[in-house]
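Proteins get letters first, then strands, A, B, ... in listed order; numbering begins at 1 in each. Side chains included, hydrogens not; waters and symmetry mates left out as well; all remaining heavy atoms used.
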Amino acid sequence: MSIARTAAFEARTPLLWVCAASAAATLLHATQFSAWITLTALALTGWRLAAALGEVRLPGRLVRILLGLSLIAAVLAQFHTLNGLASGTAMLILMASVKLLETGARRDQYIVIGGALFLLLAACLDGQSLARVPLYALTALLCCSALAVVAYTPGTDEGRFTTSAGLRPREVVALAARTLLYATPLAILLFLFFPRLPGHLWTLTSGEDAVTGLGDTLTPGSITRLTASYDIAFRVRFDGRPPPPEERYWRGPVMNTFDGATWTRGSYSPGGTQRLDCLSRPYGYRIYLEPTFRRWWLALDTVMFSPSPDVRYTGDYELIATSPVEQPLSYHALSCTNSRSLGPLTAEARLEDTQLPPGRNPRARALALRLRRGAGSDVAFVRAVLTFLRAGGFSYSLTPPPLGADPIDDFLFDTRTGFCGHYASAFVDLMRAGGVPARVVTGYQGGQWNPYDGTFIVRQSDAHAWAEVWLEGRGWTRVDPTAVVAPERLYRGILDLLPNAVSASARLVHAWPWLGSALERWEAVNGWWNERVVSFDDRSQLELLRELGFHSPELRDAAWAFALTLLVWLAWISWQLGKGAGSERPDRLGRAYLRLCRKVARAGLPRAPQQGPLAYAQTIIRYRPDLRLRVGPLLEQYAQLRFGPASPAARDRELRSFERAVARLSVQRRRKLTPRARASRGR
Amino acid sequence: MAATAALDRVRTRLRKGAADWARRRQGPDRLPLTLARRRLYILPTRVGMGFAALVLTMLAAALNYGNSLALLLTFLLAGFALVAMHECHRNLLGVALLEAAAQPLFAGSPGMLRLTLANLTRLRRYRIRAAVEGQAAVTVDLPTDGRVQIELPIPALERGLRRIERLRVSSSHPFGLFGVWTWVHAGIEVIVYPRAAGSMPLPPARGAGSGASSRGTAGADEWIGLRPFRDGDSPRQVAWKAYAREAPLLVKEYGSTGSPLRMLSLEDARQPDIESRLAQLARWIVDAEAGGHLYGLELSGERIGAHRGADHRHRCLSALALYGS
């Protein structure tokens, strides 16, 4: 009975570990999928555990097959495909837990562990943020521990197993942790030197990934969705001095077409880029962009050329990549904050940028015409409209009242409350009604200095919209009507202005500055992680090789550097692990004792192999009475240390004093006693 | 089905070839022996191959997505496997085989080989498997400074003095990804008694006189052996010396002139061929010993005086085992 129980317990141990590894890998994806997937997987794992404890019975083959098929159907119903990262991962989660329901054969357990490792990989593909890395590390540790336990537990085909030592859970975890720790240097070396692919071999659809950041369209109220978010949009590091706050406009999509309520990107594409004339020294900087799942790359207004061959530089000075930004990425760009577009506006572009939907917002149109008539030039007209906004009793708010069918009219004449989207829309509408080419530019404004890594952090809450008008002789000129209504917006950011309108986390940070400082530190570390680890790619690899002194870095050089470091690592590992395994290496005390014996042996008194320390002491004293007080006590001390009882602390102290005494000891070969010396001794 | 059988044959052949190569390379071994580097061989196991396939798949996925963290994980697992290889290797490195002795066995029935494994190093050793080549393995853990005696099954052998040529000691601890092994060619000798068979009854005891005359030294106080103490035994018969050596309480037994003696001879065993005759003799010896008789053995040219006890039985059966060699 008791033997049977022990056997059952031993068979259960690896199962517990395998279930834990599988559950951990499942939980890594808990936030990614709807709850039923995680819950189903955990329930199946629980079922397996309950069966192992003898509480319930395992399902038969038919039930398993039906269960598997219905789960496949459920995944199909949710994702409409199996060929995607998200649906594939969901599938793997469910199938691994169904596999767990099979009998406890070792092979099945290995397969489930393999599945858990693959789920871990899928989690890495899903999110690479530093905060998740400890969770990943824990899961990897759990998987490796489970592997050790499964391998340790004998299979049914393995004959008898007599265990005298046993492998306790703590030792299992220590073993797996040590193995992973030794593997880490190699992982880093491979990470640095393993040749990377410049592109994709195949692509899976990304599923329903959340889209953050600026959109293709702008309604006056649409920016609020962003301002409520404290997430980082991107970080910037300037090569030299940063531009002053009023010049920190980060340009995103430009909206040319207006239907009376919504701005969209224009359909026309101007024949070529309007050349820029830079009136001040350009700023060089590097941007670390967070994934947006959009094709926009942000840049300081106005960027001078495309930072990458994969990115198109449009006639509206936008940067549009060929593929959406799915991974954090970084690029270097050059911008001129004080620039002038050269060359006249084409008739086509002028038509596009003065177009307004007929019949919409009539009161705004009337106002514009009145103001334009009163102004002598386009510049005076701009000034008049800004004066109207400043003096018209407008206020800045992130929670403006809703607008009706003619939103611009409602805003300008009734509610008079709004934020950047409203002001930019209204301003451009008025400009166009007055015959001045104008457009809405969306992007970000501002940025928060992080002293810990010297970057500016631009958050989603810094999203902004402003206007550009075409002025003869100056070209496209930025006008920010919001700045006229709420000038402090430019300098203080939205938090100071409207503390109640933004997210709770942002408010917390605002209330407790120390929290903000901690957050800045964390974001600096995170920034380093994103900059150095996550966005390390084939180009960074070549840069690294160049820094290491390979003058024309090629794949071949990477391979050489890698092979060399691999050899060093292998030597290190085999030295590290070979210690104490091959030879019967004496312990610290034994080494000190051997040193002592060597010293005495050099003086002509070697220890016979069968002699213990005390017998050796007797021999020494017999032949060299002069050593009695120097060597004798040491040998006694050794015998005491080796065989006597002592508390570990006392023993450690004694051991150290013994080692010191042995190091100090010097034993001379005895000189032949001359008759004279003998005589002097006799006296 | 036939394909797997063929595959198995190929695998067995390969294994045999590799072992013979190792034998030529290593030369003969003598126990005690500490397993050194140059005699340890290591290869990935089936699980290890699966793990390699997993890592390669992960590498392809991580490279394709250009995902740094996934690459880091993949490389970590690759390094993990390499470290596991070293750990597996050192799990067997330095393990000592102190002695190996086979208990005598009867032809045609399986036996046992006693192997003493020791760990004289500071590392604990886990899941060391030992086996007579081709036989079922026994798995043990070895604590530091520990020694463990295990009993390995031996296959059924022919009568005579046989040698167990090859032991295989292996381990796939810690993660089962690699298997390290060594072959030990210690040439352990094992005496194989003839099979105890035959239906002839035990030959009748000869008279006391004849027995005495045949031995010439029979007497009232002829030493027979030791047996466990029973209530009522005289204290003078107790083997106190043995008791002082921490043996259980034993009583010295002496035969009397009246003990029936059975001399078993090859001629008495009337069987068609020599092996059957030896088998019949073995049967008689086993039965006589079990029956508590005094018995002796007469083979052509060899004669073992009447006696009884485990040593005597072994002596007689060994003579049968070595007959004709």
Residue among L180(A), L181(A), L186(A) with most heavy-atom pairs under 4.5 Å to chain B | L180(A)
Using 4.0 Å as the upper bound for N to carboxylate O, is an ion pair formed by R124(B) and E171(A)?
-> yes
Parallel, tilted or perpendicular: which describes the rings of Y182(A) and W572(A), with under 30° parallel and over 60° perpendicular?
-> perpendicular
Selection from P174(B), A131(B), G176(B) maximising heavy-atom pairs under 4.5 Å formed with chain A = P174(B)
Side chain, backbone, both or neither: which part of H86(B) has a heavy atom under 4.5 Å from chain A?
-> both
Is chain B contacted by the side chain of L117(A), its backbone, both, or neither, given a heavy-atom distance below 4.5 Å?
-> both
Contact class of L72(B) relative to chain A, heavy atoms under 4.5 angstrom = both
Cut-off 4.5 Å, heavy atoms of chain A, and the answer for L59(B) is side chain
Does a donor on one side chain and an acceptor on the other come within less than 3.5 Å for E87(B) and T179(A)?
-> yes
Between the side chains of R23(B) and H185(B), is a donor N or O closer than 3.5 angstrom to an acceptor N or O?
-> no
Where does Y110(A) contact chain B at under 4.5 Å (heavy atoms): side chain, backbone, both or neither?
-> side chain
So L71(B) and F536(A), side-chain contact (heavy atoms from CB on, under 4.5 Å) or not? Walk me through it.
-> CA-CA 11 Å; L71(B) 272 173; F536(A) 188 89; over 6 Å; no
Do the charged groups of R127(B) and D141(B) touch, with an N to O distance under 4.0 Å?
-> no
Which of parallel (below 30°), tilted (30 to 60°) and perpendicular (above 60°) describes H173(B) and Y152(A)?
-> perpendicular
Atom group of T74(B) that falls short of 4.5 Å from chain A, counting heavy atoms = side chain
Name the region of V150(A), side chain, backbone, both or neither, that has any atom closer than 4.5 Å to a heavy atom of chain B.
-> neither
Is the ring centre of Y288(A) less than 6.0 Å from the ring centre of Y331(A)?
-> no
Look at G79(B), A62(B), A84(B), A96(B) and state which one has the largest set of heavy-atom pairs under 4.5 Å with chain A.
-> G79(B)
Contacting region of I113(A) [heavy-atom separation from chain B under 4.5 Å] | neither
Should the ring pair F80(B) and F175(B) be called parallel, tilted or perpendicular, given that the plane angle runs from 0 to 90° and is split at 30 and 60?
-> tilted
Assert top hit (heavy-atom pairs under 4.5 Å, partner chain B, pool A137(A), S574(A), A183(A)) equals A183(A)
Quick one: what part of C143(A) sits under 4.5 Å from any heavy atom of chain B, side chain, backbone, both or neither?
-> neither
